[in-house]
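This report concerns only the one structure given below.
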Amino acid sequence: MALTDAASERGQFSSRFGFIAAATGSAVGLGNIWGFPTQTASHGGGAFVLAYLILTFLLAYPALMAELIIGRHTRHNMVGALPELTKKPALKIIGRVTGFYGVAIASLILSFYTIVAGWLMAQVPAALAGINSQVPTTSWLSESSLLRDSLFCGVFSLLTASIVARGVKEGIERWSTRLMPALVLLMLGLVATVLTLPGAMEGLRLYLVPNFSVITDPGLLTGAMGQAFFSLSLGVGTMLIYGSYVSKADNLPLTGAYVALIDTGIAFLAGLLIIPALFVAQYQGIEIYNSDNTLIAGPDLILQTLPSLFNSLGIVGGFIGLVFFLLLTIAALTSSISMLEVPVTFVLETFKTSRSRATWLVGVIIFGLSLLILNNFDLLFAGVISFTTKYSQPLLGVMLCLFAGWVLHRNKLLKEISTGFTGAKDSLFWKIWPGYIRFVCPLLIILMFVQNVRS
Ligand code: TRP
């Protein structure tokens, strides 16, 4: 019976477009629209953009392929997948431990991600109230408080869980294919609007013309690598689990390349929006430099500088703000569902429970973690972010490269790549990637990691 096909029991994306929408939905998130432009602003503009582009294709794309290949080959969740690649008991244990670590990190990333998404989502009704000149409501919604933050984090988590509970096709794929085109349209509209405003061209110049004097700054390369890994959702098994829902008829290296290209393209577009917007704000008399002469970045940029800009532009600004925060919320949602999918499939497939039960159980635990962070914000927030994204993601990335390169047998690897890709054996991908993922990728990641820890 067809039911013995693991894929049909587990759910599968219905088309290549469905997978690309879901995987780019995962990849395109706050990392692109918030992280990338703000990092670019604080690392001297164009030089960071260049480093990011190079690292994405040198490191992140090959690592993405490792996850997609392991996922589709094993058709398993993060914990089940790695032990499946080997018969050696010791390696099986290492695989399991790595898998657990990945699931834990995915959950922790989600716990702070929903907090940030909640801040942004609160700005949507705030902008609406602003357009209707309801001053007290606007200020309650737009200013951080424990109550507001917990409330919006909760609503956002609820949205995330209700999509994941519906499953791969009906939930993740359906919502990604609806939301991603909307996101691209909103973004193009915003870029076109902002670039016509006075001051925008100065920002464009900073963004596009590299200032090579900063290229020797050690923070530049590690920042760009961390950004590329976060942006492509690597290391924690998100792409592995999405890979496990890809049809055997798809050409994986090509599909993965689309995902990396679209993700990078949208990060680039977001830079075209935010950096010029900063200089439009300066033109309006808003301070855009910190006291040490660096550009304002991080939460201040998104939650203060840009809202002041929107305010200064009157009613038009109100609408720009509304669309902008809607855009961020959508981007965050298609990413958060991919993070939640990691622990959910682990619980689902380990304890053989129903998807909706697994989703609500895991969802409640992660929301509990978010509340813990919110209540101990100064103690936990920054620490959780650097533990997960700065240290754990690269380490997990190395492990996944090593498993794909050394543990998965070369013949099986070729067979997996050849399904859906005729002529794989003679392709450039097959000539380069297997050796690359064994030696070059892990070494480069480790080098950068050491650099990162030392700085
Ligand atoms: N890539 C997403 C972004 O840019 C966030 C994301 C989704 C993520 N899944 C992940 C980050 C897994 C790390 C790990 O916002």
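First listed ligand is number 1; within each ligand, the first listed atom is number 1. If you're wondering where the values come from, they're calculated on a predicted model, not measured in any experiment.
- Looking at Ile105 against ligand 1, nothing comes within 4.0 Å, counting heavy atoms.
- Using cut-offs of 30° and 60° on the angle between ring planes, the pair Phe351 and Phe346 is perpendicular.
- Between Tyr61 and Phe57, the two ring planes are tilted [angle within 30° to 60°].
- Classification of the Phe279-Tyr289 ring pair by plane angle, with boundaries at 30° and 60°, yields perpendicular.
- A distance below 6.0 Å separates the ring centres of Phe268 and Tyr207.
- For a threshold of 3.5 Å applied to N or O pairs, the pair formed by Phe230 and ligand 1 contains at least one separation below that value.
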Criterion ring-ring contact (aromatic ring centres under 6.0 Å, His included) on Tyr242 and Phe13, from CA distance to verdict: CA-CA 9 Å; Tyr242 276 18; Phe13 293 119; 5.6 Å; yes

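- For ligand 1, the atoms lying closer than 4.0 Å to a non-hydrogen atom of Ile109 are 13 (C), 14 (C).
- Ligand 1 has an N or O atom lying under 3.5 Å from an N or O atom of Gly31, backbone or side chain.
- Below 4.0 Å from some heavy atom of Met339 lie the following atoms of ligand 1, by number and element: 5 (C), 6 (C), 7 (C), 8 (C), 9 (N), 10 (C).
- Residue Ser338 approaches ligand 1 through these ligand atoms, each under 4.0 Å from one of its heavy atoms: 7 (C), 9 (N).
- For atom 14 (C) of ligand 1, the nearest non-hydrogen atom from the set Val236, Thr24, Leu110, Ile33 comes from Val236.
- Atoms of ligand 1 found under 4.0 Å from any heavy atom of Ser231 (numbered from 1 in listed order, with element): 1 (N), 4 (O).
- Distances from ligand 1 to the non-hydrogen atoms of Gln393 include at least one value under 4.0 Å.
- Using a 4.0 Å cutoff on heavy atoms, Ser26 counts as a contact of ligand 1.
- For atom 12 (C) of ligand 1, the closest heavy atom belonging to the protein is Thr238 OG1, 3.3 Å.
- Ligand 1 places these atoms under 4.0 Å from at least one heavy atom of Asn32: 4 (O).
- In this structure, atom 10 (C) of ligand 1 lies nearest to the protein heavy atom Ser233 CB, 3.4 Å.
- Note on ligand 1: Tyr113 sits in its first shell, one or more heavy atoms being nearer than 4.0 Å.
- At a 3.5 angstrom cut-off on N or O pairs, Leu234 does not count as close to ligand 1.
- Considering Leu328, Leu183, Leu179 in turn, Leu179 is the only one that fulfils the side-chain contact (heavy atoms from CB on, under 4.5 Å) rule with Leu333.
- Summarising the local packing, CZ of Arg178 is surrounded by more than 12 heavy atoms from other residues, nucleotides or ligands at distances under 6.0 Å.
- Relative orientation of the Tyr391 and Phe449 rings is perpendicular, given thresholds of 30° and 60° on the angle between their planes.
- The two residues Leu396 and Gly235 have their closest heavy-atom pair at CB-O, 3.2 Å.
- Nearest residue to atom 4 (O) of ligand 1 from Ala267, Ala27, Ser335 is Ala27 (criterion: closest heavy atom).
- A perpendicular orientation is assigned to the rings of Trp406 and Phe439, their planes being inclined by more than 60° (bins at 30° and 60°).
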